[in-house]
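Worksheet: one structure, shown below.
Letters A, B, ... are given to chains in the order of the sequence lines, protein chains preceding strands, and every chain is numbered from 1.
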Number of protein chains: 2
Amino acid sequence: MNKRLLFYGVLFGLLAILLEIAKYRFVIFDNQVEIYSGVIAAIFIILGVVLGRKLVNPKEIIVEKIVEPVAIPRLPVDEQLNKLGISKREYEVLQLMAQGMSNQEIADKSFVSVNTVKTHVSNILLKLDAKRRTQAVTNARAMKLIE
Amino acid sequence: MNKRLLFYGVLFGLLAILLEIAKYRFVIFDNQVEIYSGVIAAIFIILGVVLGRKLVNPKEIIVEKIVEPVAIPRLPVDEQLNKLGISKREYEVLQLMAQGMSNQEIADKSFVSVNTVKTHVSNILLKLDAKRRTQAVTNARAMKLIE
DNA sequence: TTTGGCCTCATACTTTCGGATGATTTTACC
DNA sequence: GGTAAAATCATCCGAAAGTATGAGGCCAAA
């Protein structure tokens with residue numbers, strides 16, 4: 001995929017630049033490793049905190065709720081997934097299956113190999129007692145694991 | 001994980017940029033200890049401020065509005081099927097597809113040949129603009145043709 | 001009678017799915 | 001550090017899905 005190629009190209013370029021810089025640093029300068037480490041650590045901390053803050057930023061959210069006539073008691077999704085032994089990654093793949101995506105499309109979107117997706121799909125079929133992906137999606141929907 | 005990969009990619013890029021800037025500083029300026037100490041001190045001050053704000057941040061406020069259910073006007077199923085050119089038999093096959101059945105299972109249930117079912121499925125894929133049965137079912141569901 | 005739509009079925013082929021089996025690496029927990 | 005679970009990836013193979021193409025029968029409308 002074009003997107004994937006671009007992604008890995010950028011990553012590769014950055015890696016090359018980093019190695020170039022590391023080489024240069026070793027050749028030209030001696031000390032400062034501790035300072036570098038400290039700065040890098042600080043930057044990491046800052047980034048983590050900033051991201052964390054962004055996630056928990058106070059907001060007033062207005063939600064319009066349509067009142068359901070009858071509340072149907074059922075296990076929360078997480079509990080059901082635990083019960084079935086479906087991992088986080090497997091659940092992601094299940095959701096993409098439910099969106100009608102092929103194994104290759106799921107692989108491209110998740111940046112993994114199609115063989116990895118096949119492994120996840122096989123596990124999902126086992127855990128949902130399905131013979132094929134269409135049945136897995138149907139069973140998951142019946143159990144309200146997915147919309 | 002797409003998000004995770006992107007996150008680490010961005011982090012990686014920032015790290016490379018930082019090292020580049022550090023190299024530049026080493027080449028251009030002389031005394032570094034004071035500068036570094038000042039930078040590190042400033043960063044940690046900022047970190048402390050940020051953490052302090054985080055600890056006393058008010059929680060998310062959610063305001064719920066109760067709205068009575070409203071009937072959403074939409075074409076009746078029959079009208080939509082006519083519009084799409086989906087025949088009675090094709091619709092039956094679509095429903096069975098949505099229940100996770102294989103072509104052979106649909107053939108057995110409908111007392112027709114699996115080849116007949118394949119023809120119907122191909123027509124359905126064309127009319128719903130789908131590449132495969134999972135997508136056809138997803139598209140049909142989105143259009144409220146099936147539950 | 002002709003025509004067009006629907007239904008049925010076939011063959012040959014390509015693509016995708018899924019099972020079996022095996023393996024390594026990463027992550028999280030003790 | 002050790003361990004188990006999760007995630008990743010591979011290969012081989014058979015089954016299923018899907019495509020292309022073609023064809024015949026039935027039925028209602030023109």
Side-chain angles (χ1 to χ4, degrees), chain A residues 1 4 7-8 11 44 48 78 81-140, chain B residues 1-9 11-12 78 81-140:
Chain A
M1 277 314 130
R4 190 173 183 178
F7 171 79
Y8 283 121
L11 199 59
F44 270 87
D78 283 352
L81 292 174
N82 271 342
K83 200 167 173 176
L84 290 161
I86 293 174
S87 71
K88 190 163 150 251
R89 191 58 142 173
E90 281 162 0
Y91 186 57
E92 286 167 16
V93 169
L94 174 61
Q95 287 176 303
L96 295 177
M97 278 163 65
Q99 287 172 32
M101 294 175 84
S102 68
N103 287 341
Q104 187 58 60
E105 287 174 347
I106 296 172
D108 291 341
K109 186 179 176 72
S110 309
F111 293 104
V112 296
S113 161
V114 70
N115 298 307
T116 301
V117 174
K118 283 186 179 185
T119 302
H120 292 313
V121 169
S122 288
N123 290 336
I124 290 165
L125 295 190
L126 264 175
K127 293 171 181 179
L128 294 184
D129 195 32
K131 284 177 182 172
R132 62 195 77 88
R133 79 209 288 112
T134 51
Q135 209 170 78
V137 168
T138 299
N139 291 356
Chain B
M1 174 75 79
N2 176 27
K3 207 169 179 178
R4 189 175 181 173
L5 276 168
L6 284 171
F7 171 78
Y8 284 122
L11 200 59
F12 204 77
D78 284 352
L81 292 173
N82 273 343
K83 200 169 173 177
L84 290 162
I86 293 174
S87 70
K88 192 168 140 129
R89 192 58 142 171
E90 282 162 359
Y91 185 57
E92 283 169 15
V93 169
L94 174 60
Q95 287 177 303
L96 296 177
M97 278 163 65
Q99 288 171 32
M101 294 175 81
S102 68
N103 287 342
Q104 187 58 59
E105 286 171 347
I106 295 171
D108 293 341
K109 187 180 177 75
S110 309
F111 296 102
V112 296
S113 160
V114 70
N115 298 306
T116 301
V117 175
K118 285 188 179 184
T119 301
H120 291 314
V121 168
S122 288
N123 290 337
I124 289 165
L125 294 190
L126 264 174
K127 292 172 181 178
L128 293 184
D129 194 32
K131 283 179 183 171
R132 63 195 75 90
R133 78 208 292 114
T134 50
Q135 208 170 79
V137 168
T138 298
N139 292 355

Problem set entry | Distance in angstrom units between Leu128(B) CG and dG18(D) P, rounded | 12 Å

Exercise. In whole angstrom, what separates Leu81(A)'s CG from dA5(D)'s P?
Worked result: 18 Å

For this session: Keeping the roles fixed (side chain from Thr138(B), backbone from Ala98(A)), state whether a donor-acceptor pair exists under 3.5 Å.
Result: yes

Problem set entry | Nearest-0.5 Å distance, CZ of residue Arg133(A) to CZ of residue Arg133(B) | 11.0 Å

Problem set entry | Heavy-atom check, side chain of Met97(A) versus side chain of Val121(A), under 4.5 Å | yes

Exercise. Is there a donor-acceptor pair closer than 3.5 Å between any side-chain N or O of Lys127(B) and the backbone N or O of Gly85(B)?
Worked result: yes

For this session: Spell out protein contact along nucleotides 6-17 of chain C as letters: B when the base is contacted, S when just the sugar-phosphate is, - when no protein heavy atom is under 4.0 Å; keep the 5' to 3' order.
Result: -SBBBB-----S

Exercise. Separation of Lys131(B) atom NZ from dG18(D) atom P, in whole Å?
Worked result: 13 Å

Problem set entry | Between the first and last five pairs of the helix from dT1(C)-dA30(D) to dC30(C)-dG1(D), the angle of the axes, rounded to 10 degrees | 50°

Problem set entry | Leu125(B) CG to dA16(D) P, straight-line distance once rounded to whole Å | 18 Å

For this session: Measure the CG-CG distance between Leu84(A) and Asp129(A) for me, rounded to the nearest 0.5 Å.
Result: 10.5 Å

Problem set entry | Distance in Å, Leu126(A) CG paired with Glu90(A) CD, rounded so as to fall on 0.5 Å steps | 9.5 Å

Problem set entry | Side chains of Gln135(A) and Asn139(A), donor plus acceptor under 3.5 Å | no

Exercise. Is any side-chain heavy atom of His120(A) closer than 4.5 Å to a side-chain heavy atom of Val112(A)?
Worked result: no

